[in-house]
Amino acid sequence: MTVEVRYYTDPACPRSWGAEPELRRLMWEVAGRLRFTWVIGGLAREYSAAEHPALVAEWLDLTAETGMPTDPRLWLRNPITSSHPACQAVKAATEQGSEAGYAYLRRVREGLMVERRKLDHAEALVGEAGPAGLDVDRFRIDLDSNATIEAFAADLDEVRGGGIELPSASFVSADGSRHGVAGGDPYDAYREAALAAGAAPPATDRLPGTLEVVERFGRVATREVEALTGRPRPIVEAELWSLAREWRLRPVAVLTGTLWERA
């Protein structure tokens, strides 16, 4: 059976960015047996200048803790004023399907977390729709629709009314019972919750190779390759650079790490 996963997040949430390796491994291992609903939590209606130094420290701590690269100079040179415009844009993207919603969510995450892009206004957010593979004209219409505004408001009510932390996930069984996982939990907690909710176990325990990870997800961080392949970081890094020397992968350097994509 297909299990609904209500995944609570925000495109500007650094801990959600840190949990991407676990999320993507879940997508790989339980592919086709999970249906994701992206519930957007509205991390910050407004960021004040006084918060910027603390946000820089938080992002650097997150990198040290999870291994996911960040570039916190966003808060020093090009700070966003709110996460809500990006949140509403993700809800607009989900009108084109769950996979489209995730593709856009990831594109905006990368834009904020490692590219220092000021994604807090409509034109900038529309500009990310094409690279995410969306129908841009439809996205522009959905971004301004009352239905999108109402959907985001419903998400805010669910997250705040339930005291839900970001990120977290709720796996919904056929009988309506829920199996929750907090974002900082290890990968095994996600897998066990999916199985407890009724998702069929993977047909094989085979983990993907490095190129398979890039083919499936596009741009990936070193830590994500490590998590999905199940191999130690030194071995993963050696293989990634070997593939780069063969012109099969292209490294994308960021302040605190490297992203990888097809050459």
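When reading the values below, keep in mind they use all heavy atoms of this one structure, side chains included, and skip hydrogens, waters and symmetry mates.
Partners of D120 by salt bridge (Lys or Arg N to Asp or Glu O under 4.0 Å), not counting sequence neighbours, listed by chain and number: K118. Remark: W38 pairs with S98 by the side-chain hydrogen bond (donor to acceptor under 3.5 Å, both in side chains) rule, at least two apart or across chains. Residues meeting the side-chain hydrogen bond (donor to acceptor under 3.5 Å, both in side chains) test with E58, sequence neighbours left out: none. With sequence neighbours left out, T9 forms a side-chain hydrogen bond (donor to acceptor under 3.5 Å, both in side chains) with S16, R109. Taking E95 as the reference, nothing meets the salt bridge (Lys or Arg N to Asp or Glu O under 4.0 Å) condition, with sequence neighbours excluded.
For the pair M27/R216, a side-chain contact is recorded, criterion being any heavy-atom separation below 4.5 Å from C-beta on. In this structure, E237 and T222 have side chains that are in contact, with non-hydrogen atoms separated by less than 4.5 Å. Taking 4.5 Å as the limit, some side-chain heavy atom of L240 sits within range of a side-chain heavy atom of T210. Between I141 and D137 the shortest side-chain heavy-atom distance does not fall below 4.5 Å. Between L259 and P69 there is a side-chain heavy-atom pair separated by less than 4.5 Å. Annotation: side chain of D61 is not in contact with side chain of W59 (no heavy-atom distance under 4.5 Å).
Within the 3.5 Å criterion, the main-chain N or O of L43 finds a donor-acceptor partner in the side chain of D10. Within the 3.5 Å criterion, the main-chain N or O of V225 finds a donor-acceptor partner in the side chain of T229. T66 contributes a side-chain N or O that, together with a main-chain N or O of L62, makes up a donor-acceptor pair within less than 3.5 Å. When atom types are taken as modelled, the side chain of R45 and the backbone of S82 share no donor-acceptor pair closer than 3.5 angstrom. S83 places no side-chain N or O within donor-acceptor distance of the main-chain N or O of P11, the cut-off being under 3.5 Å. Checked by atom type and distance alone, the side chain of S168 never pairs as donor or acceptor with a backbone atom of A182 at under 3.5 Å. A donor-acceptor pair under 3.5 Å is absent between the side-chain atoms of T70 and the main chain of P72, judged by distance alone.
No chain of hydrophobic side-chain contacts below 4.5 Å, direct or via other Ile, Leu, Val, Met, Phe, Trp or Tyr residues, connects I235 to V213. Transitive grouping of hydrophobic side chains (ILVMFWY, heavy atoms separated by less than 4.5 Å) keeps I149 and L125 in distinct clusters. In the hydrophobic clustering of this structure, Y47 groups with L76; members are Ile, Leu, Val, Met, Phe, Trp, Tyr whose side-chain heavy atoms approach within less than 4.5 Å, directly or through other members. Under a hydrophobic-cluster definition in which Ile, Leu, Val, Met, Phe, Trp and Tyr are linked whenever side-chain heavy atoms come within less than 4.5 Å, directly or via other members, W28 and L211 are assigned to the same cluster. Following chains of ILVMFWY side-chain contacts shorter than 4.5 Å, one cannot reach F217 starting from L207, and the two form parts of different hydrophobic clusters.
Atom CD of E22 and atom CG of D188 lie 10.5 Å apart (nearest 0.5 Å). In this structure, the separation between CG on L55 and OG on S48 is 8.5 Å, given to the nearest 0.5 Å. Rounding to the nearest 0.5 Å places OG of S170 at 8.5 Å from NE2 of H179. M68 contributes atom CE, which lies 10.0 Å from atom OG1 of T256 (distance to the nearest 0.5 angstrom). Here the CD atom belonging to E128 is positioned 5.0 Å from the CZ atom belonging to R107, to the nearest 0.5 angstrom. Between C87 atom SG and I40 atom CD1 the span is 6.0 Å, to the nearest 0.5 Å.
Checked for salt-bridge contact, R6 and E4 meet the test: a charged N lies under 4.0 Å from a carboxylate O. Classification of E110 and R106 as a salt-bridged pair holds, one side-chain N sitting under 4.0 Å from a carboxylate O. Salt bridge absent: E224 and R219 never bring a charged side-chain N and a carboxylate O closer than 4.0 Å. E20 has no carboxylate O lying under 4.0 Å from a charged side-chain N of R25, or vice versa, which leaves the two without a salt bridge.
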Tell me, with the steps shown, if E158 and Y8 meet side chain to side chain contact (heavy atoms under 4.5 Å, CB included). CA-CA 10 Å; E158 181 176 351; Y8 302 93; 2.6 Å; yes
Could you go step by step and tell me if R206 and E212 meet the salt bridge (charged side-chain N to carboxylate O under 4.0 Å, His left out) rule? CA-CA 12 Å; R206 185 189 73 84; E212 286 180 282; 3.1 Å; yes
Could you please spell out the steps behind the side chain to side chain contact (heavy atoms under 4.5 Å, CB included) verdict for T258 and V254? CA-CA 6 Å; T258 308; V254 298; over 6 Å; no
Trace of the salt bridge (charged side-chain N to carboxylate O under 4.0 Å, His left out) decision for E123 with R140: CA-CA 9 Å; E123 284 308 307; R140 189 186 295 273; 3.2 Å; yes
Working note: W75 + E51, criterion side chain to side chain contact (heavy atoms under 4.5 Å, CB included); need CA distance, chi angles, decisive distance, verdict. CA-CA 9 Å; W75 300 108; E51 296 176 274; over 6 Å; no
Assess the residue pair Y7 and Y102 against the criterion (ring-ring contact (aromatic ring centres under 6.0 Å, His included)); give the C-alpha distance rounded to whole Å, side-chain angles, the decisive distance to 0.1 Å, and a yes or no. CA-CA 11 Å; Y7 195 85; Y102 176 70; 8.6 Å; no
Derivation and outcome, side chain to side chain contact (heavy atoms under 4.5 Å, CB included), residues L249 and V214: CA-CA 9 Å; L249 290 182; V214 179; 3.9 Å; yes
Before you tell me yes or no, could you show the steps for E65 and R15 under salt bridge (charged side-chain N to carboxylate O under 4.0 Å, His left out), namely the whole-Å CA-CA distance, both residues' side-chain angles and the distance that decides it to 0.1 Å? CA-CA 10 Å; E65 178 184 337; R15 294 213 163 270; 3.1 Å; yes
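Of all the heavy atoms in L228 and P208, the pair that sits closest is O-CD, 3.2 Å.
Around CZ of R35, the count of heavy atoms belonging to other residues, nucleotides or ligands within 6.0 Å exceeds 12.
Using the six-membered ring where Trp is involved, Y104 and F139 have ring planes that are tilted, between 30° and 60° apart.
No hydrogens or angles considered: nothing links the side chains of T148 and D142 as a donor-acceptor pair under 3.5 Å.
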Validation: residues 189-203 side-chain donor-acceptor distances under 3.5 Å, sequence neighbours left out:
| residue | atom | partner | partner atom | Å |
| --- | --- | --- | --- | --- |
| Y190 | OH | G183 | O | 3.4 |
| R191 | NE | E29 | OE1 | 3.3 |

